[in-house]
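Just so you know, these numbers use all the heavy atoms, side chains as well, and skip hydrogens, waters and symmetry mates. Note on naming: letters A, B, ... go to the chains in the order of the sequence lines (proteins, then strands), and numbering restarts at 1 for each one.
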Amino acid sequence: MKEFSFEIKKKSKEAPMARVGIIHTPHGDIETPAFIPVGTKATIKSILPENFNEFVKADAILANTYHLYLEPGNEIVKNHGGFAKMMNYVGPTFTDSGGFQVFSLGSAMGVGVSKIATREDLANENIEKNISKKFNLLDFFKRNKYLFIEIFLSFMFWGVLRIFSEDLNFLLGSVSSLIFFFIIDILFFKKYRLRDRQKYNNLKNNNKSLVKISENGVEFKSVFDGSKHIFTPEKSMEIQHDLGADIFFAFDECTSPFANKDYQKEALERTHRWAKRSLEHHKKLGVSGATGQRQALYAVVQGGAYDDLRKYSAQVLGEMNLDGKYFDGFGIGGSFTKEDMTKILKITNENLPENKPRHFLGIGEIEDLFYGIENGLDTFDCVSPTRLARNGAIYTKDGRINIFNSKYKTDMSPVCEDPSCYAHKYTKAYLAHLFRSKEMIGATIASLHNLHFIVSLVKDIRQSILGDKFFEFKKEVLERYR
RNA sequence: GCGUCGAUGGUAGAGCGGUCAAUUACAACAGACUGUAAAUCUGUCGCCCUUCGGGCUACGUUGGUUCAAAUCCAACUCGGCGCA
């Protein structure tokens with residue numbers, strides 16, 4: 001059985017940081033650069049493992065700690081001998097630490113913020129503040145609508161009774177009678193006010209973070225039943241030992257692209273302390289309880305879009321060790337704009353140990369892959385191919401298409417030109433029909449295609465580096481894709 | 001034949017005198033999606049004018065009542081049900 005190791009086969013002659021290598025793991029080799037499909041809940045959504053192996057030909061897959069902890073529970077996964085065995089997948093595996101959920105269930109919750117922000121978003125100052133302002137106004141209106149009606153009607157009753165009640169002076173014409181009518185109104189409108197309040201609360205809850213971050217860790221409210229769960233670096237290590245991946249990540253905090261520098265710094269320092277604790281606890285736990293094998297631990301570099309923070313984080317984590325035991329590799333996480341991405345990657349990878357593999361967490365659009373590899377990355381995981389596929393977006397060499405567009409209803413051309421792709425056998429018209437009629441196999445074909453497309457693209461990039469044609473290949477692909 | 005209930009935008013189906021070009025769902029047309037709260041979400045959805053807004057034609061047909069009708073009345077047409 002092979003231990004984890006990384007060897008660099010070739011450094012690009014054109015792009016100084018790009019390299020071709022092999023990550024050896026107990027379950028097989030990953031030829032890098034490589035794209036790692038995501039199977040969050042121990043399934044590549046909509047694809048059978050056999051079809052995945054035969055038609056996608058990826059070297060590894062990645063699952064998620066948070067999701068498998070909540071369902072079915074890491075204990076059950078452990079009893080299967082790890083998530084790979086459970087899902088009948090043979091090959092190298094990764095698990096993510098749950099750090100991304102600090103962002104997606106935290107600051108991004110219900111606000112529609114993506115971790116890849118645009119420059120416009122950032123320029124549009126404090127988007128989060130704007131959102132909360134809007135909600136305060138709405139809040140005020142919602143909460144007081146019936147109060148206004150009540151006050152108005154009280155005055156009406158009071159006024160009307162005054163006109164007809166010269167002989168009822170003892171009751172009317174006094175403030176107390178006004179209050180009397182007001183109370184009647186309040187009782188009368190009680191049920192409407194309550195209903196309104198309920199609506200308002202629902203609205204507010206939609207916009208509410210499900211996480212609480214502290215030095216010790218992160219408190220998550222389960223999205224399934226609202227139950228509370230604390231993730232600490234130690235807890236994350238324990239779960240990931242039960243999940244049994246060959247490679248796993250230290251618990252980190254993925255910050256929002258809208259967080260300011262002070263906060264990024266604070267979160268970064270915390271992530272470093274958590275990395276240290278992850279390293280310690282991983283050592284204490286020893287081999288995986290699920291597979292009996294030693295697992296490789298990657299640290300996660302953070303620092304948002306700030307050069308100096310990224311450099312600092314790379315240096316600290318690169319040197320971090322426990323009695324000479326260093327991290328086996330590094331993930332690059334966090335959020336930023338597309339424009340900032342390249343410079344961040346460059347400065348990060350320049351400051352990470354060269355002989356360790358580097359993984360780009362959650363990034364995988366076509367141009368990102370080129371820029372990532374050019375700047376020294378070895379592996380990528382991304383949800384994009386499968387999620388896009390399920391929503392009807394199909395990669396083609398000439399750009400992404402939306403199979404729902406009416407023109408594809410009658411398009412007899414194959415979904416994929418490449419005969420080695422499963423989708424080659426089907427017309428776009430058929431795929432359009434499957435999607436329109438909500439047939440499940442539509443998502444399957446589209447997912448197989450999109451994954452095949454991205455995985456083979458990265459393999460081709462690998463070949464282009466080996467053949468010293470990286471830039472030529474990049475230009476050719478991107479020009480056509482755009 | 002008699003009685004009774006009904007007829008609303010591509011479909012289903014709300015509305016039952018002004019706040020109605022008409023709630024909603026589906027369909028249709030577009031868009032978004034980057035460590036998966038995601039087989040999800042957003043927008044448009046009678047016609048015309050450049051948006052705010054304005055104009056026009058519309059709730060089976062034709063008349064009527066009313067300042068005002070998808071909404072009330074009458075007749076007709078079509079359909080469901082019941083009795084012959």
Side-chain angles (χ1 to χ4, degrees), chain A residues 35-47 61-68 70-71 94-106 108-118 205-206 208-211 220-226 236 245 247-255 257 298 300-302 331-338 341 359-369 371-372 379-393 395 400-409 434-447 450 454:
Chain A
F35 182 83
I36 318 294
V38 179
T40 303
K41 299 186 193 176
T43 165
I44 310 288
K45 288 189 197 292
S46 85
I47 305 181
I61 60 169
L62 176 143
N64 188 292
T65 297
Y66 172 80
H67 299 259
L68 291 176
L70 285 180
E71 51 176 21
F94 290 66
T95 47
D96 180 31
S97 65
F100 180 67
Q101 277 65 43
V102 180
F103 166 68
S104 68
L105 305 179
M109 188 73 184
V111 186
V113 171
S114 159
K115 67 175 193 156
I116 306 293
T118 65
N205 287 341
N206 284 343
K208 207 173 172 186
S209 164
L210 291 176
V211 311
F220 290 98
K221 236 188 207 172
S222 163
V223 293
F224 302 112
D225 60 5
S236 178
I247 298 165
F248 69 118
F249 291 92
F251 190 55
D252 68 312
E253 177 183 346
C254 180
T255 51
Y298 284 23
V300 181
V301 177
Q302 289 289 352
I332 296 171
S335 43
F336 29 73
T337 64
K338 268 227 189 277
M341 193 177 83
H359 179 88
F360 205 0
L361 282 156
I363 298 291
E365 287 300 347
I366 287 170
E367 44 202 33
D368 303 337
L369 295 167
Y371 292 123
T379 52
F380 301 80
D381 77 272
C382 192
V383 142
S384 180
T386 46
R387 183 188 287 169
L388 289 179
R390 261 175 288 124
N391 296 332
Y395 287 124
R400 215 173 83 182
I401 65 167
N402 183 352
I403 200 69
F404 278 103
N405 288 175
S406 48
K407 59 185 167 188
Y408 297 115
K409 274 198 266 196
L434 291 175
F435 268 94
R436 279 168 186 277
S437 53
K438 298 185 167 59
E439 287 294 338
M440 298 188 283
I441 206 95
T444 303
I445 294 171
S447 297
N450 276 359
I454 295 291

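Within the model, atoms OG1 of Thr65(A) and CD of Gln101(A) stand 8.5 Å from one another, a figure rounded to the nearest 0.5 Å.
Under 4.0 angstrom from either OP1 or OP2 of A32(B) there lies no side-chain N or O belonging to Asn402(A). Within the 4.0 Å cut-off from OP1 or OP2 of A39(B), not a single side-chain nitrogen or oxygen of Ser46(A) is found. Regarding contacts with the backbone of U34(B), a side-chain N or O of Arg387(A) is found under 4.0 angstrom from either OP1 or OP2. Distances shown here put a side-chain N or O of Gln101(A) below 4.0 Å from the OP1 or OP2 atom of A37(B). OP1 or OP2 of U36(B) has at least one side-chain nitrogen or oxygen of Thr40(A) nearer than 4.0 Å. Of the side-chain N and O atoms in Ser114(A), one or more sit less than 4.0 angstrom from OP1 or OP2 of U34(B). Residue Lys115(A) places no side-chain N or O under 4.0 Å from the OP1 or OP2 atom of U36(B). Look at Thr386(A) and you won't find any side-chain N or O under 4.0 angstrom from OP1 or OP2 of U36(B). Contact check, Arg436(A) against A28(B): a side-chain N or O comes under 4.0 Å of OP1 or OP2.
Regarding Arg390(A), its CZ atom lies at a distance of 11 Å from the P atom of U36(B), rounded to whole Å. We find that CG of Leu388(A) is positioned 13 Å from C1' of G31(B), with the value rounded to whole Å. Taking atom NZ of Lys45(A) as the reference point, atom P of U40(B) lies 12 Å away to the nearest angstrom. The nearest whole Å value for the distance from the CG atom in Asn391(A) to the P atom in A30(B) is 16 Å. If you measure from atom CD1 of Ile116(A) to atom P of U36(B), you get 13 Å, rounded to the nearest angstrom. Look at CZ on Arg400(A): it is 10 Å from P on G31(B), rounded to the nearest Å. One can place NZ of Lys338(A) at 13 Å from P of A32(B), the figure rounded to the nearest angstrom. In this structure, CZ of Phe94(A) is placed 13 Å from P of U36(B), rounded to the nearest angstrom.
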Next item on the list: Report the secondary structure of RNA chain B in dot-bracket form, marking unpaired bases with a dot and bases paired to a different strand with |, and treating Watson-Crick or G-U pairs with both distances under 3.5 Å as paired.
Entry: ((((((((.[[[..)..(.....]]].(((((.......))))).((((...))))...[[[[[..)....]]]]]))))))).

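Exactly one residue among Thr444(A), Leu434(A), Ile445(A) makes a side-chain contact (heavy atoms from CB on, under 4.5 Å) with Glu439(A). That residue is Leu434(A).
Here the nucleotide nearest the side chain of Ile363(A), chosen from G35(B), U34(B), G31(B), is U34(B). Checking A37(B), G35(B), C33(B) against every side-chain atom of Leu105(A), the shortest atom distance belongs to A37(B). You'll find that the side chain of Val223(A) is closest to A37(B), out of A37(B), C29(B), G35(B).
Comparing U50(B) with G55(B), their C1' atoms are spaced 14 Å from each other, to the whole Å. Of the C1' atoms belonging to U71(B) and A84(B), the separation is 35 Å, rounded to the nearest Å. Spacing of C1' atoms, A25(B) relative to C73(B), comes out at 34 Å, to the nearest Å.
At a cut-off of 3.5 angstrom, the base of U36(B) holds no donor-acceptor pair with the side chain of Ser104(A).
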